[in-house]
Protein chains: 2
Amino acid sequence: MSQTVDRALSILPLLAEGPADLGQVADRLGVHKSTALRLLRTLHEHGLVYRQSDQRYRLGARLIALAQEAMENLDIREIAHPHLVKLNEQCGHTVHLAVYEEDEVLYIDKVESRYPVRMYSRIGKPVAITVAAVAKLLLADLPEPERRALADKLDYPVYTTRSTADAPAFLRELDKVREQGWATDLGGHEESINCVAAPIRGAEGRVVAAMSVSAPNVVVTADELLTLLPLVRRTADAISGEYSGRTSPKGTV
Amino acid sequence: MSQTVDRALSILPLLAEGPADLGQVADRLGVHKSTALRLLRTLHEHGLVYRQSDQRYRLGARLIALAQEAMENLDIREIAHPHLVKLNEQCGHTVHLAVYEEDEVLYIDKVESRYPVRMYSRIGKPVAITVAAVAKLLLADLPEPERRALADKLDYPVYTTRSTADAPAFLRELDKVREQGWATDLGGHEESINCVAAPIRGAEGRVVAAMSVSAPNVVVTADELLTLLPLVRRTADAISGEYSGRTSPKGTV
DNA sequence: AATGAACGTTGCACAGAATGCAACGGATGC
DNA sequence: GCATCCGTTGCATTCTGTGCAACGTTCATT
């Protein structure tokens with residue numbers, strides 16, 4: 001809507017790919033160098049862009065700090081965290097918390113596995129939306145037209161032979177997930193990693209977040225992981241209760 | 001330099017404080033509502049701002065994802081990480097990696113303590129710059145005029161009785177740190193937490209990052225923590241060597 | 001040492017884009 | 001049913017962002 005701002009913001013994802021010099025930025029924006037310079041300067045003043053010693057630009061520190069604040073302000077995260085820790089203490093595996101926002105699912109909290117073999121993931125990283133158990137739960141709860149539109153829009157990368165193949169298969173999977181109230185990812189993202197996930201619901205019953213337990217095959221089999229399902233669902237329900245204001249943390253006050 | 005972009009970017013820190021509606025944003029920017037609306041729409045299109053169900057705006061998911069990419073692109077982080085993990089395995093305490101950028105010091109990596117009593121901190125959070133051991137190392141290496149200017153500009157919050165009091169005291173501490181080549185924070189930020197830190201240097205000998213080991217008093221005393229200094233310095237030197245290209249990782253290739 | 005290319009930077013005239021206004025519409029509350 | 005509040009839209013004005021051309025550096029080449 002605003003050309004100048006639009007151009008300026010387009011620089012950010014561009015720099016996220018790696019450092020770039022003025023000319024490269026100007027070229028990729030399709031504007032004159034002097035224009036790119038002024039935009040970069042403005043971004044720089046706000047700390048979103050940093051100029052490294054070789055004169056090239058890269059994303060700046062304030063961006064990281066801002067994102068940090070953004071996450072810490074998510075109240076679901078605040079409420080869920082102690083529950084995630086407790087669950088991790090009980091089962092020992094990696095625990096994730098994820099939310100959906102504008103066609104993306106992303107992890108907003110994580111408690112690391114206590115086993116030496118760990119799964120790679122990072123808070124803030126967008127989730128493999130077509131296969132992750134938490135993504136299925138979050139998308140399954142979308143209104144039907146929106147869900148269908150999104151499913152059509154998505155790519156379906158073949159991470160493994162068990163990855164979701166296409167939109168129809170995905171929509172079928174979502175229906176199943178919505179009905180049963182929980183989801184799994186059995187080697188759909190990485191051959192040797194399985195996840196079980198459960199939804200966290202707000203006051204009106206809408207799914208506001210999802211949590212999962214993940215573990216590699218070498219630690220527990222898929223069947224063993226599934227035995228944790230009741231525990232995961234209980235934890236998710238406890239968070240739901242607290243988030244929607246029905247119960248207070250650990251019976252406090 | 002660019003008014004429109006400047007205004008748009010000013011919205012981000014504003015929203016970082018918490019969600020706000022259109023009127024609030026317009027007021028705090030000192031612009032007309034319609035102007036604020038257009039700026040917010042542009043930010044929204046880029047995913048930096050999200051409109052929650054109550055119509056208010058808050059920071060968006062893409063911001064978090066961008067920050068994530070920004071961090072993963074820092075090659076010092078890439079190189080240092082395995083060393084941090086190894087150090088953590090050896091001593092069990094929390095290990096931090098931090099960099100300096102434009103008047104701020106921030107953690108860019110962290111390996112959690114294996115002890116139950118942990119120190120609070122988060123990757124991406126700006127560090128208490130006047131007391132943290134890593135901050136001292138990074139600032140001590142700045143060119144003298146810049147260092148002095150920054151010291152004058154800073155606030156000196158009294159976290160504890162051992163916090164750095166003012167600019168002169170800070171500059172003296174920095175001189176000491178530069179001379180000895182390592183730094184500590186003994187209860188300067190939180191009464192019961194101590195840190196030992198060592199610098200990581202690039203090819204030209206400049207300090208490009210700093211790492212620290214932190215532990216609360218209840219786990220180890222300050223004196224015990226100090227016995228880890230040689231180990232911390234050796235780790236930092238190993239990272240320095242690899243970063244500046246003098247040595248290859250674990251003798252590979 | 002001298003030449004030339006590549007890149008970042010500056011000042012300026014012009015045009016186009018951003019601005020504030022006023023009016024509209026929908027929701028909420030009295 | 002009326003009044004208020006808030007977000008939204010279209011439009012005329014003008015201020016701001018734009019591209020151009022020229023300059024200054026740095027670096028590589030001959």
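Predicted model, so just to flag it, every value in this text is computed and none were measured. So you know, we letter chains A, B, ... as the sequences are listed, proteins then strands, and number each from 1.
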S.K.: Tell me, yes or no, whether the heavy-atom count around B:Glu78 atom CD, taken from other residues, nucleotides or ligands under 6.0 Å, exceeds 12.
M.R.: no
S.K.: With nearest nucleotide decided by heavy atoms, which residue, A:Leu37 or B:Gly30, maps closer to the 5′ end of DNA chain C?
M.R.: A:Leu37
S.K.: Using a cut-off of 4.0 Å on non-hydrogen atoms, how would the nucleic acid contact of A:Arg41 be classed: base, sugar-phosphate, or nothing?
M.R.: sugar-phosphate
S.K.: Whole-Å distance between D:dG7 C1' and B:Arg56 CZ?
M.R.: 15 Å
S.K.: Decide salt bridge (Lys or Arg N to Asp or Glu O under 4.0 Å) for A:Asp175 and A:Arg178; before the verdict, give the C-alpha distance in whole Å, the side-chain angles of both, and the deciding distance to 0.1 Å.
M.R.: CA-CA 5 Å; A:Asp175 288 339; A:Arg178 182 154 15 87; 2.5 Å; yes
S.K.: For A:Leu40 and C:dC7, what is the distance between atoms CG and P respectively, to the nearest whole Å?
M.R.: 15 Å
S.K.: Between C:dG20 and B:Ser34, is there an OP1 or OP2 to side-chain N/O distance shorter than 4.0 Å?
M.R.: no
S.K.: Check this one for me: any side-chain N or O of A:Ser2 less than 4.0 Å away from OP1 or OP2 of C:dA18?
M.R.: yes
S.K.: Can you measure B:Lys33 atom NZ to C:dC21 atom P for me and round it to whole angstrom units?
M.R.: 12 Å
S.K.: Side chain of B:Thr35 only, please: which of C:dG20, C:dT9, D:dT18 is the nearest?
M.R.: C:dG20
S.K.: In whole angstrom, what separates B:His32's NE2 from C:dA22's P?
M.R.: 8 Å
S.K.: Going by the angle between their ring planes, with limits at 30° and 60°, are A:Tyr107 and A:His96 parallel, tilted or perpendicular?
M.R.: parallel
S.K.: Starting from C1' on C:dA18, measure out to CG on B:Leu39 and report it in whole angstrom.
M.R.: 9 Å
S.K.: Compare the minimum distances between each of D:dG7, D:dT18, C:dC21 and the side chain of A:Gln3, then state the nucleotide with the smallest one.
M.R.: D:dT18
S.K.: Please determine, for the side chain of B:Arg7, which listed nucleotide (C:dT19, C:dT9, C:dA18) has the closest atom?
M.R.: C:dT19
S.K.: Measure NE2/A:His44 against P/C:dG8 and give the value in whole Å, please.
M.R.: 15 Å
S.K.: I need the OH-C1' distance between A:Tyr57 and C:dT9, as an integer number of Å.
M.R.: 10 Å
S.K.: Given 3.5 Å as the limit, does a donor-acceptor pair link the side chain of B:Gln52 with the main chain of B:Asp54, or not?
M.R.: no
S.K.: If you find the nucleotide of DNA chain C closest to B:Thr4 and the one closest to A:Arg51, which residue's nucleotide is nearer the 5' end?
M.R.: A:Arg51
S.K.: Could you check how far CG of B:Leu29 sits from P of C:dA18, rounded to whole Å?
M.R.: 16 Å
S.K.: Report the residue from B:Leu48, B:Leu59, B:Thr42, B:Leu29 that forms a side chain to side chain contact (heavy atoms under 4.5 Å, CB included) with B:Ile11.
M.R.: B:Leu29
S.K.: When you check the phosphate oxygens OP1 and OP2 of C:dT19, does a side-chain N or O of B:Arg38 lie under 4.0 Å from one of them?
M.R.: yes
